[in-house]
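In what follows, every chain begins at residue 1, and chains take the letters A, B, ... in the order their sequences are listed.
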Number of protein chains: 2
Amino acid sequence: MNRLTGKIHLDFHSGEPLYLQIARQVQLLVLGGELALGDQLPTVRELATELRINFNTVSRAYRLLHEDRLISTQRGRGTYIWEQPTEESLHQLRKISLEELSRDYLVQVTRLGCTPAEALDELNRILSTGDLTDTPEDDGISFDS
Amino acid sequence: MNRLTGKIHLDFHSGEPLYLQIARQVQLLVLGGELALGDQLPTVRELATELRINFNTVSRAYRLLHEDRLISTQRGRGTYIWEQPTEESLHQLRKISLEELSRDYLVQVTRLGCTPAEALDELNRILSTGDLTDTPEDDGISFDS
DNA sequence: TAAACAATGATACAATCATACAATAAATCA
DNA sequence: TGATTTATTGTATGATTGTATCATTGTTTA
């Protein structure tokens, strides 16, 4: 038993892929407030058993939601509702996080025994060589049908 | 309270395994001299409780560091800093770690949606305003379960 | 019809957690 | 003092959870 039990319904004849049905319905539940920040979702196997489908299909739905930052999937731990930041809070978050990240970086560099100047040099070196392994980043999903 | 309290920060969303995050950060603290030969690390259970994870995950991190001869874990006794790296290996590790730290920083910044230029600006701003000593140390949202 | 593609399933795997255990130290008691 | 118990420490083993990879199935398309 969990907060999703009985709340996901699949239509095997609708033509809409199962993983999209799941993702869409979870999204609606979050937007509707039935699932709150930090709530744990059923495991992929639990939900799959309940819906009588393969757990990889649930996993695919969860992956979509994870990429949209609606949920947080953590191997070995489980799946949890993730905060969906508004555009504004996102902007705010960005500023704060950049400062935190930067301070953290400087602290760690200092711990290493390096000077900030060396750090900036290193950053510029990396940037100039330009082979910063790129993170692909979200392609997002649209639930238009 | 111990010499590690508050100095290990986990990112549950980064995708980097928790045990690697712990091992890496402990290594940095040793390299930075904040942990010295003979210092006792928190017990696996202490650190696990603080980080709200299972103590076996901490144990795995400690095992890595033990295999690297950086710490000495002794059943029934505890975990201690084992050997202080030589100046030479320290120098080597510093170079590698500085590059790792810097790349990591750039990746995270990019993930935030900021440009490297903005990051460098922020770093310079922090450096010009002075003190790194008082970092607010807020890790934002956590998904305790 | 055959090739290409998308959705789903099967299998093996990696990270984390839960539980029971073993080694050491500290406390207790005869 | 010396044996025994208790608490604390790290370890071993297996279960749980999500992921990667490829196979299978059905549909679309050339």
Undergrad: Identify all pairs in which a protein N or O lies below 3.5 Å from an N or O of nucleotides 14-19 of chain C, and state each distance.
TA:
from	atom 1	to	atom 2	distance (Å)
C:dA14	O4'	A:Arg75	NH1	2.8
C:dA15	OP2	B:Arg60	NH2	3.4
C:dT16	OP1	B:Leu18	N	2.5
C:dC17	OP1	A:Arg77	NH1	2.1
C:dC17	OP2	B:Asn54	N	2.8
C:dC17	OP2	B:Thr57	OG1	2.9
C:dA18	OP2	B:Asn54	ND2	3.4
C:dA18	N7	B:Asn56	ND2	3.2
C:dA18	N6	B:Asn56	OD1	3.4
C:dA18	N6	B:Asn56	ND2	2.8
C:dT19	O4	B:Asn56	ND2	3.3

Undergrad: Please tabulate, for the side chains in residues 55-65 of chain B, all donor-acceptor contacts under 3.5 angstrom to protein atoms that are two or more places apart in sequence or on a different chain.
TA:
from	atom 1	to	atom 2	distance (Å)
B:Asn56	ND2	B:Asn54	OD1	2.9
B:Arg60	NH2	B:Tyr19	OH	3.3
B:Tyr62	OH	B:Pro42	O	2.8

Undergrad: Can you measure B:Arg45 atom CZ to C:dC21 atom P for me and round it to whole angstrom units?
TA: 14 Å

Undergrad: Residues in salt bridge (charged side-chain N to carboxylate O under 4.0 Å, His left out) with B:Glu118, at least two apart?
TA: none

Undergrad: How bent is the helix from C:dT1-D:dA30 to C:dA30-D:dT1, measuring the angle between the end axes built from five pairs each, rounded to 10°?
TA: 0°

Undergrad: May I have all residue pairs that pass ring-ring contact (aromatic ring centres under 6.0 Å, His included) and include part of residues 100-130 of chain B, sequence neighbours excluded?
TA: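 Listed by first then second residue: A:Tyr105-B:Tyr105.
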
Undergrad: With sequence neighbours excluded, tell me which residues meet side-chain contact (heavy atoms from CB on, under 4.5 Å) with A:Glu50.
TA: A:Thr5, A:Leu47

Undergrad: Suppose we screen for side-chain hydrogen bond (donor to acceptor under 3.5 Å, both in side chains). Which residues come up paired with B:Asp39, at least two apart in sequence or across chains?
TA: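 Partners of B:Asp39 by the side-chain hydrogen bond (donor to acceptor under 3.5 Å, both in side chains) criterion, ordered by chain and then number, come out as B:Arg3.
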
Undergrad: Checking one residue: A:Leu28. Which other hydrophobic residues are in its cluster under the side-chain 4.5 Å linking rule?
TA: none

Undergrad: Please enumerate all residues that pass side-chain hydrogen bond (donor to acceptor under 3.5 Å, both in side chains) together with A:Thr49, with sequence neighbours excluded.
TA: none

Undergrad: Does anyone know the first and last nucleotide of DNA chain D in reach of chain B, 5' to 3', at under 4.0 angstrom to a heavy atom?
TA: D:dT9 to D:dA12

Undergrad: How would you list, by chain and number, every residue that makes a side-chain hydrogen bond (donor to acceptor under 3.5 Å, both in side chains) with B:Gln25, sequence neighbours excluded?
TA: none

Undergrad: Are A:Arg103 and A:Glu100 within salt-bridge range, i.e. N to O under 4.0 Å?
TA: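 Looking at A:Glu100 together with A:Arg103, the answer is no, because their closest N to O distance does not fall below 4.0 Å.
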
Undergrad: Sequence neighbours excluded, which residues qualify as side-chain contact (heavy atoms from CB on, under 4.5 Å) partners of B:Arg75?
TA: none

